[in-house]
Structures are given as structure tokens and as C-alpha cells.
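One structure below.
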Number of protein chains: 2
Amino acid sequence: MNRKIFELHAQICQTFTSPKRLEIIYALCDGEKTVSELAPLLVIRQANLSQHLAVLRQKKVVVTRRKGVNIYYRIAHPKILQACDIMREVLLEQIAEDEKLVRLIKKEKKN
Amino acid sequence: MNRKIFELHAQICQTFTSPKRLEIIYALCDGEKTVSELAPLLVIRQANLSQHLAVLRQKKVVVTRRKGVNIYYRIAHPKILQACDIMREVLLEQIAEDEKLVRLIKKEKKN
DNA sequence: ATATTATATTCATATATTCGAATTAAACAA
DNA sequence: TTGTTTAATTCGAATATATGAATATAATAT
């Protein structure tokens, strides 16, 4: 019974395993954008962007609305961004730790 | 320069794409456990558990300490759990939405 | 109807990930 | 030293994922 939620959790996290998809998520963090607004921000081919958007849509990380010829994408739920931000904080702390360690080793070499 | 953080972010999220690894994370959520304590909780072969633990270690999602013949695993940073919990909340809300929709459709069919 | 612009899908290939089986290593006891 | 227990690694086959290229669709204008 618990298994199902781990499956779903794993599946949604699958969407976060591509740097491009994370870029898309952060590009949408302050509001919706159309595909053609996103494209130049990402340095990516249109078809490939569409593929990434399809993944994000399928996992309900983003939702869309059509207006005329344009399709607007936005983050489906603010908590998704919140979770991403927290993970990013962890990463930044890890990087800071690593750098501290590097400086320490350099100092030791001097002595 | 921003690219690098998206790469790292994608890489750490890679660890969350396996239901087993998520089970491990939640099994460790209230404190450290040895590999042999973890194994029976997960219904998984020892070697495979070790492989998953290696992934989690490599991405610094968990850290270890050895005591005699046992190796204790624990979550490296409370924020990792926090991020997982928030994603889980999103999933639970999605599931609740889906169920609401299903009930609505059933009701409509009656009329 | 046709053209145009915006977006999505399909397919093939390259690459990555997963897991079981077998083996290895590390700590300790006898 | 040998054996035992605990945990990690290596390797190969099956499976999954990512990307480019080509094509398709949807909305609108002419």
C-alpha cells in the first residue's frame, strides 16, 4: 500500500533528473511562459524542448493553457518549486563545505 | 555558471528516481540504521541494497559511520527529508484531486 | 483552400540505469 | 590462520531514457 506512493514519488522525481527540465522549472518560477518564450532561454531545439515539456506535463509538474496559437506553461503547484529550492539549498551547502575543505587542505600543504 | 548547479541538482535528484532508494530514505528518517537492519525492511537482496546505498552515498544523500562490523547509515542533511516530504505532499494532493474527479464522474453517470 | 506560425509527436540510435549472480573486502572471534 | 558475519564491488544482460531529424497538428490569417 505504501509501495504505490514510493513509485509515484520516484516517477515525479524522474522529471527532475534533467538539467534542461530544471532550467524550465526555474524559468517558470515567476509565472507562466509560452514555448517560444522559453526556447531562447534554454539554448535547445524546439522539438527537444517540447519533449521535455511533455515529460513535465505528463507528471503534472506543469500545466498549460492555450491562448490562440500560443500555449502557456506554468508550474502546477507552488510546493514543487519549494521542494526544488530546498534541494538547491542542500547543494549550495554541500558546495560550500567542499570549498571549505579545499581551503583547509591548501593551508595544510603550506605548513 | 548557473548551468553547473542545474547539473548537480539533476544528479542528486537521480537518487530519488528509484522507489527502493526512497524507501531507504524514509526508513532512515527517524535515525541511523545498519545495512542489516535496513535489508529486511526493504524486501531486497543484500547486494542490490548495497548498490542503492552506494548511489545514495555517492550523491551525499546519506553518510555512514562504521562501528565494528556494522556500518550505520543516516540521512546526510535534514533538508533532504524536508524536500522529499514536500514532494510527497504534492503527490498526496494530486491523488486526492484525482479521486475527487473520479467521484464526480461517477455521480454524473448516475444522472 | 492555402499559408504561416506555434507546438507536438514519432522514430531510430546512442547512452544510461537496473538487477542478479558471483566475487571480494573488512572486522573480528576462535 | 581460518572462519564467520557484514557489507561492497564487478560484470553482463535487460530495460529505460535522451536526443536529433523528420513529420504532424492546431489555430489563425489571407
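Order of the sequence lines fixes the chain letters, A, B, ..., with proteins taken first and strands second; residue numbering starts at 1 for each chain.
Looking at B/Q51 and B/N48, their side chains do bring a donor and an acceptor atom within 3.5 Å of each other. Inspection of the B/R57 and B/Y73 side chains reveals an N or O donor paired with an N or O acceptor under 3.5 Å.
Atom NZ in B/K33 sits roughly 17 Å away from atom P in D/dT6 (whole-Å rounding). Spacing between atom CG of B/L49 and atom P of C/dG20 amounts to 12 Å, rounded to whole angstrom units. Atom C1' of nucleotide C/dA8 and atom CG of A/L38 are separated by 15 Å, given to the nearest angstrom. Between the CD atom of A/E23 and the C1' atom of D/dA18 there is a distance of 16 Å, rounded to whole Å. For the pair A/F16 CZ and D/dT17 P, the computed distance is 15 Å after rounding to whole Å. Atom-to-atom, CZ of A/R65 to P of C/dT7 comes out at 12 Å; the value is rounded to the nearest Å. We find that CD of B/Q11 is positioned 16 Å from C1' of D/dT17, with the value rounded to whole Å. For the pair B/N48 CG and D/dG12 P, the computed distance is 18 Å after rounding to whole Å.
For the pair B/A47 and B/V55, nearest-nucleotide mapping onto DNA chain C gives the more 5' position to B/V55. Where A/G68 and B/R57 meet DNA chain D, the nucleotide closest to each residue was compared, and B/R57 sits on the side nearer the 5' end. For the pair A/K67 and B/T64, both in contact range of DNA chain D, the more 5′-proximal nearest nucleotide belongs to B/T64.
For B/Q51 and C/dG20, a side-chain-to-base donor-acceptor distance below 3.5 Å is present, hydrogens and geometry of angles not being considered. At a cut-off of 3.5 angstrom, the base of C/dA6 holds no donor-acceptor pair with the side chain of A/Q46.
Across all strands shown, B/Y72 has no heavy atoms under 4.0 Å from either base or sugar-phosphate atoms. Among the heavy atoms of the strands lying under 4.0 Å from A/V35 are primed sugar atoms or P, OP1, OP2 only; no base atom is included. Looking at heavy-atom distances under 4.0 Å, A/S50 makes contact with a base.
Distances shorter than 4.0 Å separate none of the side-chain N or O atoms of A/R66 from OP1 or OP2 on D/dA26. Listed pair A/R45 / D/dA21 meets the phosphate criterion, a side-chain N or O lying under 4.0 Å from OP1 or OP2. Taking side-chain N and O atoms only, B/S36 has no distance below 4.0 Å to OP1 or OP2 of D/dT5.
Closest of all the heavy-atom pairs between A/F16 and A/I80 is CZ-CG2, 4.1 Å.
Across D/dA8, D/dT5, C/dT17, the shortest atom-to-atom separation from the side chain of B/L53 is found for D/dA8. Nearest to the side chain of B/N70, among D/dT6, C/dT18, D/dT9, sits D/dT6. Among the nucleotides C/dT18, D/dT9, C/dA8, the one closest to the side chain of B/Q14 is C/dT18. Set against D/dA18, C/dG20, D/dA8, the side chain of B/Y73 has D/dA8 as its closest nucleotide. Of the listed nucleotides (C/dT18, C/dC19, C/dT7), C/dC19 has the atom at the smallest distance from the side chain of B/H52. Of the candidates D/dA7, C/dA6, C/dA21, D/dA7 carries the atom nearest the B/T34 side chain, counting heavy atoms from C-beta on.
Between A/E7 and A/K4 there is no salt bridge, since no side-chain nitrogen of the basic residue lies less than 4.0 Å from a carboxylate oxygen of the acidic one. A/D85 and A/K79 are not joined by a salt bridge, as no carboxylate oxygen comes within less than 4.0 angstrom of a charged side-chain nitrogen.
Here the CG atom belonging to A/L41 is positioned 6.0 Å from the NZ atom belonging to A/K33, to the nearest 0.5 angstrom.
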